[in-house]
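Read through the structure below, which is laid out as structure tokens, and then see the notes.
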Amino acid sequence: MRRVLKEEYDVLVVGAGPGGSMASYYASKGGAKTLLVEKSQEIGEPVRCAEAVPRLEEFKIEPSEEFVRSYIKGGYLIAPNGKRIEVRGGKTEGYVVERKIFDKYLAIRSAKVGTKIAVKSRVVDLYPCEDGFKVKVLHLGEEYTVKTKIVIAADGVESSVAEMAGLRCKKNPMEVCSCAEYEMTGVKLLDKHMMEFYFGDLSPKGYAWIFPKGDAANVGLGVIDKKKKAIEYLNEFLEHPILEGRLKDATPVEFKCGGVPVGGPIERTVGDNIMVVGDAAGQVSPLTGGGIYLAMSCGSIAGEVAAKAVKKGDYSMETLMEYERRWKERFYNTLMTELKYKNILQKLGERELNIIAEVMDEKLEEIDVKKIVLKAVKKAPSLLKYVGELIS
Ligand SMILES: Cc1cc2nc3c(=O)[nH]c(=O)nc-3n(C[C@H](O)[C@H](O)[C@H](O)COP(=O)(O)OP(=O)(O)OC[C@H]3O[C@@H](n4cnc5c(N)ncnc54)[C@H](O)[C@@H]3O)c2cc1C
């Protein structure tokens, strides 16, 4: 283990979450000598996630029984008055995984193509040097200086690595959703293949969820609210009348908490010798808070671009900009549209949410937000003030 911290690398990836493991996988596969550095003593721990991922086939990853706990066919959107909208198929299909195992699986997959991994190793500083960075890594009380041509910062929502390299990626606390979650057993689900999403005052400016997970379920919520802590809202949610006592006999087997950056992507995700990936780059759906798919996709692109740059012997911002161009081409417009929708959603009161639910069909395959709001305006003129924002 110490040995891997004494070598020089082409690519050093900080953080072995889904973003970092995918980045290191593609960097190694492309022939770059790659080190993945993770501060936790165990990859995948602690879990801060409701563990829902979309279909994995796009990543050429088999949905193995090793980590898949539930197959998901869609979700119920539940209005404050209890009206349920069923959305099935397409992008709503996927899995609830055991992230402790899933994250480790991704890291092992990366190691199999040549990535070296250092666990219980925290990046504490880095500074530019000729042809790259010198990265200071703290491992079991000892400090190591690792030389690398490229750094990929995949160090999550509390990212500090990109800042160390001079890129601005501090998140505005008002744009970070505070989440609390119990994994519980004994939950009476509406359907063992459907996720449940609850909106309204029970989870201000966010939503509460129940996701099936094998014999258990992830029951949690995210709020942007200074009045109470997320855990207080969560404890109230467990006994909320909207659940009609379905959690009466449920008991927790795990507690999880964490923040989700829902304020959209950071301005610049590339600098000389560095790329920023996943939560660290704000590559998270502002509407759902889902970030695994984006971290995996953007991580894959960053890894490919890093390997190409190493082959070319050019690690300048100009060359690495291919990463920013490619991920923006795929995701930027969607992220910005979702940001707009999220900002509107956060302003809606329970009455308006109920009216929106009222005008929606009970079963849908896709949600056309503009069409729904235009329909709802007829019943709730207070929504009119958002129409301009919506179509801008
Ligand atoms: C309660 C909750 C529920 C969620 N539910 C879902 C969901 O159901 N579906 C979904 O898609 N998304 C969900 N998310 C979001 C999702 O967890 C993240 O978007 C995703 O994990 C981002 O992956 P990442 O690789 O960018 O970062 P992370 O998974 O956060 O990985 C970052 C890694 O970097 C390591 N690290 C940090 N700093 C350093 C350092 N200095 N040195 C070394 N290592 C370091 C960390 O230990 C961590 O392992 C949820 C988030 C929360 C908080």
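Just follow the structure's listing: the first ligand is 1, and inside any ligand the first atom is 1.
For atom 19 (O) of ligand 1, the closest non-hydrogen atom on the protein side is Asp279 OD1, 2.6 Å. Distance from atom 13 (C) of ligand 1 to its nearest protein heavy atom, with residue and atom name: Cys49 SG, 3.5 Å. The protein atom (non-hydrogen) at minimum distance from atom 38 (N) of ligand 1 is Asp155 CB, 3.5 Å. Nearest protein heavy-atom neighbour of atom 35 (C) of ligand 1: Glu38 OE1, 3.3 Å. From the protein, the heavy atom lying nearest to atom 42 (N) of ligand 1 is Val123 N, 3.0 Å. The nearest protein atom to atom 5 (N) of ligand 1, hydrogens excluded, is given as Ala50 N, 2.8 Å; this is a heavy-atom distance. The protein non-hydrogen atom at the shortest distance from atom 8 (O) of ligand 1 is Ala52 N, 3.0 Å. Among all protein heavy atoms, the one lying closest to atom 44 (N) of ligand 1 is Lys39 N, 3.1 Å.
Ion pair Glu93/Arg55 flagged as a salt bridge, since at least one NZ, NE, NH1 or NH2 atom sits closer than 4.0 Å to an Asp/Glu carboxylate oxygen. Ion pair Arg69/Glu98 flagged as a salt bridge, since at least one NZ, NE, NH1 or NH2 atom sits closer than 4.0 Å to an Asp/Glu carboxylate oxygen. In this structure, Lys213 pairs ionically with Glu51, as a charged nitrogen and a carboxylate oxygen lie closer than 4.0 Å.
Every heavy atom of Lys256 sits 4.0 Å or more from the atoms of ligand 1. Using a non-hydrogen distance threshold of 4.0 Å, Glu181 does not register as a contact of ligand 1. Every heavy atom of Ser21 sits 4.0 Å or more from the atoms of ligand 1. Not a single heavy atom of Gly220 sits under 4.0 Å from any atom of ligand 1. Residue contact annotation: Val53 has no non-hydrogen atom under 4.0 Å from ligand 1.
The residue Met164 has no part lying near ligand 1, judged by heavy-atom distances below 4.0 Å. Looking at Ile43 against ligand 1, nothing comes within 4.0 Å, counting heavy atoms. By the criterion of a heavy-atom distance under 4.0 Å, the backbone of Ser121, and not its side chain, is placed next to ligand 1. Contacts between Glu51 and ligand 1 below 4.0 angstrom, taking non-hydrogen atoms only, involve the backbone exclusively. At a heavy-atom cutoff of 4.0 Å, ligand 1 is contacted by both the backbone and the side chain of Pro18.
Contact record, Gly74 with Thr92: CA-OG1, 3.4 Å, taken as the closest heavy-atom pair. Nearest approach of Ser300 to Met22, heavy atoms of both residues: OG-CE, 3.4 Å. The two residues Gly30 and Ala307 come nearest to each other via the heavy atoms CA-CB, 3.6 Å.
Of all the atoms in ligand 1, the ones that sit under 4.0 Å from a non-hydrogen atom of Arg99 are 16 (C), 17 (O), 20 (C), 21 (O), 29 (O). Per-residue contacts place Ser40 under 4.0 angstrom from the following atoms of ligand 1 (heavy atoms of the residue considered): 47 (O). Below 4.0 Å from some heavy atom of Gly156 lie the following atoms of ligand 1, by number and element: 27 (O), 30 (O), 32 (C). Short contacts between ligand 1 and Val37, defined as distances under 4.0 Å to a heavy atom of the residue, involve ligand atoms 43 (C), 44 (N). Annotation for ligand 1: atoms under 4.0 Å from non-hydrogen atoms of Phe211 are 8 (O). Close approach to Gly278 involves these atoms of ligand 1, each under 4.0 Å from a residue heavy atom: 26 (O). Atoms of ligand 1 found under 4.0 Å from any heavy atom of Gly258, numbered from 1 in the order shown, are 53 (C). Below 4.0 Å from some heavy atom of Gly19 lie the following atoms of ligand 1, by number and element: 25 (O).
The ring pair (Phe, Tyr, Trp, His ring centres under 6.0 Å) test with Phe211 singles out one residue from Phe197, Tyr95, Tyr76, and that residue is Phe197. Each of Cys179, Ser178, Pro286 was scored for a side-chain contact (heavy atoms from CB on, under 4.5 Å) with Val260, with one residue passing: Cys179.
Under the 6.0 Å cut-off for aromatic ring centres, Tyr127 and Phe133 do not qualify, their centroids lying 6.0 Å or more apart. No close placement of the Tyr26 and Phe59 rings is indicated, their centers lying 6.0 Å or farther apart.
In this structure, OH on Tyr207 lies 12.5 Å from CD1 on Ile78, to the nearest 0.5 angstrom. Separating the OG atom in Ser24 from the CG atom in Leu106 is a distance of 9.0 Å, to the nearest 0.5 Å. The CE atom of Met184 lies 9.0 Å from the CD1 atom of Ile210; values are rounded to the nearest 0.5 Å. Taking CG from Leu221 and NE2 from His240, the interatomic distance works out to 11.0 Å, rounded to the nearest 0.5 Å.
Around atom 51 (C) of ligand 1, the closest heavy atom drawn from Arg48, Met296, Gln283 belongs to Arg48.
Not one N or O on the side chain of Lys116 forms a donor-acceptor pair closer than 3.5 Å with the backbone of Val4.
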